[in-house]
Amino acid sequence: MNRIISSLFWVSLVCIMAFITLPLLVVMAASLSPTAQVTLIPGEWTTRWYGDLIASRWLDPFMLSAQIAVLVAVISGVLGLLAAYVVAFEKCPGHATIMSFLLSPLAVPQIVKGVAIVLFLSSAGLYRWVGTPGLIAAHIILTLPFAVRMIATAMFNFDKNLDRAGQSLGATKAQRIRYLLLPIIKPGVFSGMTFAFIISFNNIPLSVFLVRPGETTLPITVINYLEYSLDPVLAAVNVASLLFVLAVIFAFEKIGGFSAQIHGGSK
């Protein structure tokens, strides 16, 4: 019986991995298509489609998406850290209610949030914010709950005895935060920032309501291009985006060691 369960487990694992990776492999193969049509001919590959990515049609939206994602990750990390400190570490009065409020955007569909933000900006006379400022604000609303949750989890797991020991040794509150709390919760901070970056960089439902001509993010550009054409250039764009996101994740992991937060262990 144990061997049957073990075999079923490994078969299920292989099927799940294949379900996740096969679409990616197909896109990668399509980006190397030797013709302008997407064709999968073994042994006939070309990388010339990647050369088209330096054109402003793709490079400008990529740079805008990357800049917005970096700003959103940093701002969400800072705001999430401050909110988590008050709610999870200091446990202010009504902290459970405040935490529920901070996480409430997760319960609202992104399309509804997008419409609500556009209507708010229009009714408040702030329609000029539609574009990059609106995108940054909307993405922060979207990503802040993830950052708060990740950082709060790290703070809940923080051993308060360390803080009391530092206090008994004469360390000020600022010193205890800087030298005790922040180094220990760093994986949680960077895991929240990583999620914020990925969500912002790949976002479509919110961004589609807030972009304007000349300020279009890469995912929206891809969707617009897909309406009229499906060719290897589009596959190359997606492969390049995937590699970029993986590079950012690797960099964040090297700096913050957020896998310790995800796996529940220590780095």
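The figures that follow rest on heavy atoms only: side chains count, while hydrogens, waters and symmetry mates do not.
Under the 4.5 Å side-chain criterion, counting only non-hydrogen atoms from C-beta, N161 is in contact with R164. Under the 4.5 Å side-chain criterion, counting only non-hydrogen atoms from C-beta, S241 is in contact with F201. Residues I117 and F209 fail the side-chain proximity criterion, which asks for heavy atoms closer than 4.5 Å. A 4.5 Å side-chain heavy-atom check between N203 and P219 finds every atom pair outside the cut-off. No side-chain heavy atom of I151 sits less than 4.5 Å from a side-chain heavy atom of Y85. For the pair W49/S31, no side-chain contact is recorded, criterion being any heavy-atom separation below 4.5 Å from C-beta on. Put simply, the side chain of F197 does not reach to within 4.5 Å of the side chain of L71, judged on heavy atoms. The shortest side-chain heavy-atom distance between F190 and F195 does not fall under the 4.5 Å cut-off.
Looking at S122, its side chain never comes within 3.5 Å of a backbone N or O of V118 through a donor-acceptor pair. Side-chain atoms of E215 come within 3.5 Å of backbone N or O of T132 as a donor-acceptor pair. Formation of a donor-acceptor pair under 3.5 Å by the Q175 side chain with backbone atoms of T172 is found in this model. Under the 3.5 Å distance criterion, the side-chain polar atoms of R176 are matched with a main-chain donor or acceptor of A171. Here the side chain of H139 pairs no donor or acceptor atom with the backbone of I136 at under 3.5 angstrom. Using a distance-only test at 3.5 Å, with no hydrogens or angles considered, no donor-acceptor pair links the side chain of S76 to the main chain of T143.
By the 6.0 Å contact criterion, CZ on F156 is enclosed, its count of non-hydrogen atoms from other residues, nucleotides or ligands being greater than 12. Shown here is L106, whose CG atom has more than 12 heavy atoms of other residues, nucleotides or ligands within 6.0 Å. More than 12 heavy atoms of other residues, nucleotides or ligands lie within 6.0 Å of CZ in R48, so this atom counts as buried by the packing criterion. Crowding of L169 atom CG: a count of heavy atoms from other residues, nucleotides or ligands under 6.0 Å exceeding 12.
Nearest heavy-atom pair, A69 versus S200, reported as atom, atom and distance to 0.1 Å: CA-OG, 3.5 Å. When all heavy atoms of I185 and M155 are compared, the pair lying nearest together is CD1-CE, 3.5 Å. Contact detail for A152 and A84: the closest heavy-atom pair is N-CB, 3.7 Å. Taking all atoms of both residues into account, the shortest heavy-atom contact from P145 to L102 is CG-O, 3.4 Å. Counting all heavy atoms, side chain and backbone alike, I255 lies closest to K186 at O-NZ, 3.3 Å.
By the rule that hydrophobic residues join a cluster once side-chain heavy atoms approach within less than 4.5 Å of another member, F101 and L82 end up as members of separate clusters. M63 is connected to V70 through a chain of hydrophobic side-chain contacts under 4.5 Å among Ile, Leu, Val, Met, Phe, Trp and Tyr, so both are in one cluster. Neither L22 nor W10 shares a network with the other; the hydrophobic side chains, linked directly or stepwise wherever heavy atoms of I, L, V, M, F, W or Y lie under 4.5 Å apart, form separate groups for each.
Remark: K173 engages E90 in a salt bridge, criterion side-chain N to carboxylate O under 4.0 Å.
Figure legend: cation-pi geometry between K160 and F89, with NZ or CZ positioned under 6.0 Å from the six-membered ring centre and within 45° of its axis.
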